[in-house]
Q: 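Input: one structure, supplied below.
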Amino acid sequence: MSYGKIIEGVLRGNERGYAFLLPTDTSKEDYFIPHSDLKGAMHGDTVLCETTNGGGHRTTARVLKVINRGITELVGTYFSCRSGGYVVPDDKKYFCDVFIPFGNGVRAKSGDKVVCKILFYPKKQNPEGLVKKILGRQFTKSAELKSILYTYNLPESFPEDVVKLSNSFLGHVTKEEIKGRRDYRNLTTFTIDGDDAKDFDDAVSIERIDGERYLLGVHIADVSHYVKQGDAIDREAFERATSVYFPESVIPMLPEKLCNDLCSLREGVDRLTLSCMMTVDKKGNVIDSLITPSVIRSRARLTYTNVQKIFDGDKELLERYSFISDELFAMNELSDILIEKRDINGSVDLDVKESTISVLSDGQIVVTAGARDKAHRLIEEFMILANCTVAEYMFYLDKPFVYRIHDKPTEERLENFYSFIKGVGINAKRSREGVYPKDFQLILKNAENTPAYTVINRVMLRSMQKAKYSPEDIGHFGLSAKHYCHFTSPIRRYPDLLIHRIIKDFLNGQDVEKEYGDYVYTASTMSSEKERNAIEAERAVDDFYKILYISNFEGEEFDAVISGVTGFGLFAELANGIEGIIKLETLYGSRYKFDEKSYTLSNGKTTFRLGQPIRICVAGVNIGDRRAEFILVNKDNRCKNG
């Protein structure tokens, strides 16, 4: 084995005991580190590594030194033993149990969900710690949700100085605040959001011009008017970086006074905004634009559900909203134009199945397939257009800014992806000149009517780089956009709030280079990290709710498709997005072999492949792993309740 370069990075563990090094230099590929080369380093640690030639196609490394321990507290389940006790971490990436000596258990009982503080990291032994707090009994809803908040270090409340400052704002917009702003209160603006939305940070307007063009307005709540650089609210918003959404609650980036009141574009109320006014031609090109501080008064609070019903011809709703029906149908026309233009440009429109989780008034959990109808697409297209327009404007000014970037896939991931699609029967030629969004778009179109279509979407997503924030503009691969940013949600995303501040200060003639030149780097890094953390937390909570839901259907049968094939069994996905495992030992027949090239599991007589429709029975749930367990159903293997 030969050795190479010295690299610093953060470890991402795996429950099987190995880890990946995520280099500090994000332009570099991840490195695989086998358990034997971790030298006591754990998930989340910042380490110094040396690259190795471990053989095969993997890029490997070994740990030389732990620079900083990334996790000093964790959440898990306590179990007593003869020598004291131990905590099994909830986060499976932290693959070692924590030993709790006698006296450090703080009256915890076996099966308690606890917060554990790590005190020592003995060489060649498990970490030692103490129980800091008992959250409740394992598997109870309250304890499990609390454990996720602790695991992802999510705050449950705002500091006193933040609340005090937010409460000091007046509850209305004054004449003095409107001075110097474009007055769009006579413009027909309205919001379109989900049925249960509480904050409305974007409104839209449209006018036809000479039958050949559209004047599209995207009006975003001017949070930066209230939250000043460096004040108590801004410091807290910077630390949070994003709002985190759960089925029954939200951890907001901003205090309620701002996100649900002053910065919420409520119907019939004057609100301060930053508007992006775009003149768009019949081909979807923005031929003129204006970005300006403004004031609006929303005419209506619409929902996606009702807008879709209007498009479908609902007479009652058409009559109720007759005062804006012309605008809605003009928006429908324009969104079709924008969708077609993005398709021509090669935008990768992934069809990744999402679940909608609802909790009824009686506490009943309902999981359905997420909607993505014309009403949703309309708002999505307008927000994308505004984001592109603002990013392009700031790029050519060459001022400090935070862009939303999405790099092209790495060569290693491309090779794996093309090998995968070949294995599921999709032929695609690779360009010698590189990879383009159009290549991925063509693959999706060729796979559209195949059983593996849904799985190909998911694997394609995993093969891509993760989108992130950056002061350097390299474009957005997935959207096939040269310039892109996040401008449209300053209530819930810190980068949006920051670029609003930069734009307004620039328009006011201030030296934004001096004020924000270094800060955009810090904010980009922090926001990207916090966003990843929030996504993982949301996914963990969603998985828990899905398990609670599907546990009510034990013994019942459902149609499903094979979403994963491994050497230890199959993964199957229901129509509502719930996924479960079918263990190898439960499959009828024997001596199955896994072919990693074709992603099949076969014993010669029976072959299982990705995208294959099957019938499953819910065998049970593993709440600890937040995973459903299914069994395959055939004529000789029926559910007990089937």
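Computed from heavy atoms alone, side chains included, the values below leave out hydrogens, waters and symmetry copies.
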Q: I'd like to know whether NZ of Lys408 has more than 12 heavy-atom contacts from other residues, nucleotides or ligands below 6.0 angstrom.
A: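 12 or below, so no.
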Q: Which residue pairs pass the ring-ring contact (aromatic ring centres under 6.0 Å, His included) test when at least one of the two sits in residues 549-578, sequence neighbours left out?
A: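 Matches after skipping sequence neighbours: Tyr549-Phe553, Phe553-Phe558.
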Q: Would you say NZ of Lys93 has more than 12 non-hydrogen atoms from neighbouring residues, nucleotides or ligands within 6.0 angstrom?
A: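 Enclosed.
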Q: Give me the one residue out of Arg404, Lys466, Arg493 that meets salt bridge (charged side-chain N to carboxylate O under 4.0 Å, His left out) with Glu531.
A: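 Looking at Arg404, Lys466, Arg493, the match for Glu531 under the salt bridge (charged side-chain N to carboxylate O under 4.0 Å, His left out) is Arg404.
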Q: Just grab all the salt bridge (charged side-chain N to carboxylate O under 4.0 Å, His left out) pairs involving residues 575-590, residues at least two apart or on different chains.
A: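 Applying salt bridge (charged side-chain N to carboxylate O under 4.0 Å, His left out) to every pair that reaches into residues 575-590, excluding sequence neighbours, yields Lys583-Glu629.
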Q: Between Arg377 and Asp349, is the closest basic N to carboxylate O distance under 4.0 Å?
A: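 A salt bridge is present here (some side-chain N lies under 4.0 Å from a carboxylate O).
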Q: Charged N to carboxylate O under 4.0 angstrom, Glu411 versus Arg430?
A: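 Here Glu411 pairs with Arg430 in a salt bridge, since their nearest N and O are under 4.0 Å apart.
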Q: Can you find a heavy atom in the side chain of Val618 that is under 4.5 Å from one in the side chain of Glu556?
A: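 Answer no - side chains too far apart.
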Q: Does the Gln308 side chain pair with the main chain of Lys374, one donor and one acceptor, at a distance under 3.5 Å?
A: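 The answer is yes, because a donor-acceptor pair under 3.5 Å joins these two groups.
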Q: Within the distance-only criterion (no hydrogens, no angle test), does the side chain of Asn457 pair as donor or acceptor with the backbone N or O of Met460 below 3.5 angstrom?
A: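 It does not hold such a pair.
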Q: Just to verify, what does Ser358 make a side-chain hydrogen bond (donor to acceptor under 3.5 Å, both in side chains) with, not counting sequence neighbours?
A: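 Here no residue qualifies.
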Q: Who are the side-chain hydrogen bond (donor to acceptor under 3.5 Å, both in side chains) partners of Ser243, not counting sequence neighbours?
A: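 Counting only residues at least two positions away or on another chain, Ser243 forms no side-chain hydrogen bond (donor to acceptor under 3.5 Å, both in side chains).
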Q: For the side chain of Ser110 and the backbone of Ser80, is there at least one donor-acceptor N/O pair under 3.5 Å apart?
A: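 Yes; judged by distance alone, with no hydrogens or angles, the pair exists.
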Q: Please give me the minimum heavy-atom distance between Tyr121 and Ile71, naming the atom from each residue.
A: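 For Tyr121 and Ile71, the tightest heavy-atom pair comes out as OH-O, 2.9 Å.
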Q: Among residues two or more places apart or on two chains, list those pairs meeting side chain to side chain donor-acceptor pair (under 3.5 Å) that have a residue in residues 536-545.
A: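 Qualifying pairs: Arg12-Glu536, Glu248-Tyr545.
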Q: Mind running side-chain contact (heavy atoms from CB on, under 4.5 Å) on Leu149 and Phe246 for me, showing each step along the way?
A: CA-CA 11 Å; Leu149 293 183; Phe246 301 135; 3.8 Å; yes
Q: Run the side-chain hydrogen bond (donor to acceptor under 3.5 Å, both in side chains) test against Asn306 and tell me which residues pass, sequence neighbours left out.
A: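 Result, side-chain hydrogen bond (donor to acceptor under 3.5 Å, both in side chains) vs Asn306: none returned.
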Q: Evaluate the side-chain proximity of Ile357 to Ile365: yes if any heavy-atom separation is below 4.5 Å, no if none is.
A: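 Answer yes - side chains close enough.
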Q: For the residue pair Ala537 and Leu154, what are the closest heavy atoms and their distance?
A: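 Closest approach of Ala537 to Leu154, heavy atoms only: CB-CD1, 3.8 Å.
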Q: Counting C-beta onward and ignoring hydrogens, is there a side-chain heavy-atom pair between Leu74 and His43 closer than 4.5 Å?
A: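 Of all side-chain heavy-atom pairs linking His43 with Leu74, none is under 4.5 Å.
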Q: List the atom of Val131, the atom of Ile134, and the distance in Å for their closest heavy-atom pair.
A: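 The answer is CG1-CG1, 4.4 Å.
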Q: Would you give the length of the straight line joining atom CG of Leu21 to atom CG of Leu11, rounded to the nearest 0.5 angstrom?
A: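 It comes to 6.0 Å.
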Q: Run the ring-ring contact (aromatic ring centres under 6.0 Å, His included) test against Phe99 and tell me which residues pass, sequence neighbours left out.
A: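 In terms of ring-ring contact (aromatic ring centres under 6.0 Å, His included), with neighbours along the sequence ignored, Phe99 is linked to no residue.
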Q: Please determine, by modelled atom types, if Thr356 and Thr368 share a side-chain donor-acceptor pair under 3.5 angstrom.
A: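 Thr356 vs Thr368: no donor-acceptor pair found between side chains.
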Q: Where the side chain of Thr60 meets the backbone of Thr52, is there a donor-acceptor pair that is under 3.5 Å apart?
A: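 Between the backbone of Thr52 and the side chain of Thr60 there is a qualifying donor-acceptor contact (under 3.5 Å).
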Q: For Asn427, look at atom CG and say whether over 12 heavy atoms of other residues, nucleotides or ligands are found less than 6.0 Å away.
A: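 No, the 6.0 Å shell around CG holds no more than 12 heavy atoms from other groups.
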Q: Is there a side-chain contact between Phe440 and Val435, using heavy atoms and a 4.5 Å cut-off?
A: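 Of all side-chain heavy-atom pairs linking Val435 with Phe440, at least one is under 4.5 Å.
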Q: Hey, does Asp439 have a side-chain heavy atom less than 4.5 Å from the side chain of Tyr436?
A: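 Yes, close enough: below the 4.5 Å cut-off.
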Q: Tell me if the aromatic rings of Tyr31 and Phe20 count as close, with their centers under 6.0 Å from one another.
A: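 Judged by ring-centre distance (under 6.0 Å), Tyr31 and Phe20 do not meet the cut-off.
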Q: List the atom of Pro127, the atom of Cys96, and the distance in Å for their closest heavy-atom pair.
A: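 Closest approach of Pro127 to Cys96: CD-CB, 4.1 Å.
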Q: Within the structure provided, determine whether Val455 and Tyr599 are in side-chain contact (heavy-atom separation under 4.5 Å).
A: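 No, their side chains stay 4.5 Å or more apart.
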Q: Does anything in residues 126-135 form a side chain to side chain donor-acceptor pair (under 3.5 Å)? List the pairs, not counting sequence neighbours.
A: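 Counting only pairs at least two positions apart or across chains, the side chain to side chain donor-acceptor pair (under 3.5 Å) contacts touching residues 126-135 are Glu73-Lys132, Lys133-Tyr150.
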Q: Are the charged groups of Asp343 and Lys445 less than 4.0 angstrom apart, N to O?
A: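 Yes, charged N to carboxylate O under 4.0 Å.
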Q: Among all residues two or more places apart in sequence or in another chain, which pass the side-chain hydrogen bond (donor to acceptor under 3.5 Å, both in side chains) test with Arg137?
A: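 Here the qualifying residues are Asp112.
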Q: Pairs in or reaching into residues 351-375: which pass ring-ring contact (aromatic ring centres under 6.0 Å, His included), with residues at least two apart or in two chains?
A: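 Of all non-adjacent pairs touching residues 351-375, none passes ring-ring contact (aromatic ring centres under 6.0 Å, His included).
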Q: Are the side chains of Leu601 and Leu587 in touch, meaning some heavy atoms are under 4.5 Å apart?
A: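 Yes, at least one pair of side-chain atoms sits under 4.5 Å.
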Q: Show me, pair by pair, the donor-acceptor contacts under 3.5 angstrom made by side chains of residues 416-426, not counting sequence neighbours?
A:
residue	atom	partner	partner atom	Å
Asn416	ND2	Glu412	O	3.4

Q: Does a sphere of radius 6.0 Å around CD in Glu380 hold more than 12 heavy atoms from other residues, nucleotides or ligands, not counting ones at 6.0 Å or beyond?
A: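 Buried by this count: over 12 neighbours within 6.0 Å.
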Q: Taking everything shown except Glu448 itself, do over 12 heavy atoms lie less than 6.0 Å from its CD?
A: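 Result for CD/Glu448: enclosed.
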Q: Hey, does the side chain of Asp45 reach the backbone of Val47 with a donor-acceptor pair shorter than 3.5 angstrom?
A: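 No.
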Q: Kindly say whether Gly604 contributes a backbone atom to a donor-acceptor pair with the side chain of Ser602 at under 3.5 angstrom?
A: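 The answer is yes, because a donor-acceptor pair under 3.5 Å joins these two groups.
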Q: Under a plain distance cut-off of 3.5 Å, with no hydrogens placed, do Ser147 and Asp90 share a side-chain donor-acceptor pair?
A: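 Result is yes, a qualifying pair exists.
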Q: Which pair of non-hydrogen atoms, one from Ser527 and one from Ala241, has the smallest distance, and what is that distance?
A: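 Closest pair (atom of Ser527, atom of Ala241, distance): CA-CB, 3.9 Å.
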Q: Taking only residues two or more places apart in sequence, or in another chain, which ones meet Gln612 in a side-chain contact (heavy atoms from CB on, under 4.5 Å)?
A: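 Counting only residues at least two positions away or on another chain, Gln612 forms a side-chain contact (heavy atoms from CB on, under 4.5 Å) with Ile562, Phe608, Arg609, Ile614.
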Q: Does any part of the side chain of Phe477, heavy atoms only, come nearer than 4.5 Å to the side chain of Ile405, both counted from C-beta?
A: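 Not touching, per the 4.5 Å side-chain cut-off.
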Q: Main chain of Phe139, side chain of Glu144: is a donor-acceptor contact present, judged purely on distance under 3.5 Å?
A: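 A pair under 3.5 Å: yes.
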Q: Any idea which heavy atoms bring Asp30 and Pro23 closest together, and the distance?
A: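 Of all heavy-atom pairs spanning Asp30 and Pro23, the closest is OD1-CD, 4.0 Å.
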Q: Let me confirm one number: the OG-CD1 distance from Ser157 to Ile251, rounded to the nearest 0.5 Å.
A: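 One finds 10.0 Å between OG of Ser157 and CD1 of Ile251.
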Q: Would you sort out whether Val87 and Val114 count as a side-chain contact (heavy atoms from CB on, under 4.5 Å), showing the intermediate values?
A: CA-CA 8 Å; Val87 173; Val114 301; 3.9 Å; yes
Q: Test side-chain contact (heavy atoms from CB on, under 4.5 Å) on Leu574 and Val367; report intermediate values, then the result.
A: CA-CA 11 Å; Leu574 308 185; Val367 181; over 6 Å; no
Q: Taking the six-membered ring for Trp, are the ring centroids of His406 and Tyr484 within less than 6.0 Å of each other?
A: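 Between His406 and Tyr484, the centre distance exceeds or equals 6.0 Å.
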Q: So if I apply the side-chain hydrogen bond (donor to acceptor under 3.5 Å, both in side chains) rule between Tyr469 and each of His486, Glu529, Lys530, which one comes out positive?
A: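 The option that passes is His486.
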Q: List the steps, then state whether side-chain contact (heavy atoms from CB on, under 4.5 Å) holds for Ser563 with Thr454.
A: CA-CA 8 Å; Ser563 56; Thr454 300; over 6 Å; no
